[in-house]
Amino acid sequence: MKPHGKAYEVYGGNEDVLLILATAAFVQKTFVEHFMLTFLLRPVGILCLSSGLLVMAQFGGDLSPRMNQAYLTPFHIKNRNVGLKVEGSSFTLDGSPFLIIAGTIHYFRVPREYWRDRLLKLKACGFNTLTTHIPWNLHEPRKGWFYFTANLDFMAFISIASEVGLWVILCPGLYIGSDLDLGGLPSWLLQDPKMKLRTTYKGFTKAMNHYFDELIPKIVPLQYGKGGPIIAVQVENEYGSYHRDKRYMSYIKKALVTRGINVMLMTADDGKELKRGHLKHGYGALLTENGEYTSEYLVFQEFFTSSFGVPMPQRPDLIPKAIYKSLRTPYYIALWDVIPYLKEVFLNENYLGVLDHFTNQLTIPTKMDYKDIPTLRILVENQGRLSYGKDINKERKGLIGDIYLNNSPLRRFKIYSLDMKTKFLKRDLPNIWKPVSFKPRGPAFFLGILRMGNYPKDTFIKMEGWTKGVIFINGRNLGRYWNIGPQEALYLPGPWLHPGSNEIIVFEEFRPGQEIRFTNISHLGMVFWRVNLQHLRSSFWIFLAELEIKKAEFTIFQEPELFLIAFA
């Protein structure tokens, strides 16, 4: 990875004004917890201050970069006349010169109970503006099903930002990148075989308008002119690197304006010239995923203090962590035992092997003991969609290509979805947990109980000895683990635990471990592994397919883009 700069285009007045602004870009240094709807692995994400946007506008005349802007806060400006404007090569806020110093926090990646803590730390470092993105795929995970509550209540998050004295630059998408599955676009858009994402294609704009009809009215009252902290709104995100439709950006701008967005509009793209001006090691998160200060945070705080000549607020205390006693998972349910309660029955459970990027064919032996006509079943795992690039239109998942049996394509599949969401674990299933009297093989669910006192604390889970799967804490999807790394510990926020018994369910695909361990230290692995595994940072679904086959020796193989586990 290399540092990158961005050119920011500001739309305002009678003409569009292009400003090239200096930036300090920081790539996140942690995998983050996941709790919501679409994610089923721990994507690398922007948590806390993972991206610092330092906008150093050159002031003219007698103005100095050490100017005191303490009065230019949401507290002090009561009579709102004009908002953020461009005056020559400088910004002004309500007519006063204004230096924007913005850092990114994604509300959907921080437990709601910690929003204020992270925002206070942003403010204490010297930032005066919050940048946050709105992920379409989380707010409308299914077509027509909208969610704006709990950890997706961005209105409450923005209100807290205002309370702690931060302005807001809002990035409502539609595409936001951010290492999200499909860049934050909902995958159900690809159910349309002709879909052209991020264009004025009718199928896309129809879905977009429906979403904006729900979203934008929630943003409008939070704008500067209405007493809110939002001083600018981004139009799409880095469209210059995509650019499939010349009419698209104008279409999105109109969609925002006609719905009541009247603050400054801007967009962002990579700037080749800015790239050449960066130095090695410009990357680094300012806070860890559990809210601890990094060396970069301290450097930035010192720089801002010396530059502005005013003392910064006191840094909030660190949130305490705990190491809990390791626990075993004494109960399990085989995946095949759960299937009948999903109204589909599958037979035969002999493991054959894995088809992936390294192995593209498997042999079905003739010596296996078949009582009747055997059933070939394939467990298909979606390891995530691209979050950037022009190939996102091709990111359909499931059995999207032919599976061959002795060189003949198999096409009479029945496909069923086993989506690893919270609602799956909250189904009205009978108590069919079985004692672990031996070491069962996956795919299976394993149950353990974590007991604690009155004040649960943050911790990290280590899955040493386990192979690959997903962890649920009290019904919440914590994230995915995999023994190939790079991440070796998953962050478990204290607010997700409660006094007494806490239910931990692990879905293990292959071989389970002996116990679940806890630590107070994050183990993130090697950076280069994180780069090589970017395609894994997305949601995770499971499909089950069944097909009758005859007794014989067969070879099955796949087209290279799928990841399959075959059972017979």
Side-chain angles (χ1 to χ4, degrees), residues 28-37 39-50 105-122 124 149-153 156-157 160 164 285-294 297 314-329 422 425-426 447-464 470-481 487-506 515-524:
Q28 51 281 356
K29 67 192 295 184
T30 63
F31 284 109
V32 300
E33 91 291 337
H34 180 64
F35 60 98
M36 288 300 304
L37 304 174
F39 294 142
L40 291 176
L41 60 89
R42 289 170 63 83
V44 169
I46 299 179
L47 178 71
C48 310
L49 308 185
S50 62
I105 300 178
H106 284 167
Y107 59 92
F108 51 91
R109 282 177 168 150
V110 180
R112 181 169 179 154
E113 294 84 350
Y114 289 159
W115 282 353
R116 185 175 297 273
D117 173 80
R118 305 307 196 256
L119 290 168
L120 285 171
K121 288 172 178 174
L122 182 76
T149 59
N151 240 97
L152 291 177
D153 186 355
F157 180 69
I160 296 173
V164 303
L286 302 192
L287 293 181
T288 64
E289 61 181 338
N290 58 305
E292 294 187 347
Y293 303 107
T294 66
Y297 182 99
Q314 183 178 356
R315 291 198 301 267
D317 294 336
L318 297 179
I319 295 172
K321 301 184 296 297
I323 302 177
Y324 296 111
K325 184 178 179 180
S326 298
L327 63 89
R328 292 182 175 271
T329 52
T422 299
L425 293 180
K426 292 185 176 180
L447 171 65
I449 301 297
L450 174 64
R451 293 181 174 86
M452 61 182 55
N454 291 331
Y455 303 102
K457 297 179 181 178
D458 287 5
T459 189
F460 292 88
I461 289 182
K462 294 193 71 174
M463 300 298 289
E464 290 181 1
V470 184
I471 305 176
F472 297 87
I473 305 294
N474 293 326
R476 293 177 181 263
N477 190 312
L478 185 69
R480 183 162 68 181
Y481 63 89
Q487 184 176 354
E488 299 175 13
L490 285 78
Y491 171 52
L492 172 54
W496 289 9
L497 299 169
H498 50 247
S501 298
N502 294 267
E503 182 182 76
I504 299 182
I505 294 178
V506 179
E515 59 185 11
I516 297 173
R517 299 177 182 175
F518 300 89
T519 179
N520 60 355
I521 301 174
S522 174
H523 297 271
L524 299 175

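The residues of the chain are indexed from 1 along the displayed sequence.
- No side-chain donor-acceptor contact under 3.5 Å links T329 to the backbone of L447.
- Just one of I516, T519, I521 meets the side-chain contact (heavy atoms from CB on, under 4.5 Å) condition when paired with K462; it is T519.
- Side-chain atoms of N502 come within 3.5 Å of backbone N or O of L450 as a donor-acceptor pair.
- Ring geometry, F460 versus Y491: the interplanar angle falls from 30° to 60°, so the pair is classed tilted.
- Between Y114 and D458, the closest heavy-atom pair is OH-OD1, 2.6 Å.
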Worksheet entry | Derivation and outcome, side-chain contact (heavy atoms from CB on, under 4.5 Å), residues K121 and R315 | CA-CA 6 Å; K121 288 172 178 174; R315 291 198 301 267; over 6 Å; no
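- Residues forming a side-chain contact (heavy atoms from CB on, under 4.5 Å) with E292 (at least two apart in sequence, or on another chain): T288, N290, L318, K321.
- Proximity of a side-chain donor or acceptor of S501 to a complementary backbone N or O of I449 within less than 3.5 Å is not detected.
- A pairwise comparison of heavy atoms in P316 and D117 identifies CB-OD1, 4.2 Å as the closest pair.
- The backbone N or O of Y107 sits less than 3.5 Å from a side-chain atom of N151, completing a donor-acceptor pair.
- Between Y297 and Y293, the ring-plane angle classifies as tilted under the 30° and 60° cut-offs.
- Here the closest heavy-atom approach between residue P111 and residue W496 is recorded as CB-NE1, 4.1 Å.
- Of the possible polar contacts, one joining the W115 side chain to the V110 backbone as a donor-acceptor pair under 3.5 Å is found.
- For the side-chain contact (heavy atoms from CB on, under 4.5 Å) criterion with L478, the lone passing option out of I504, L490, I505 is L490.
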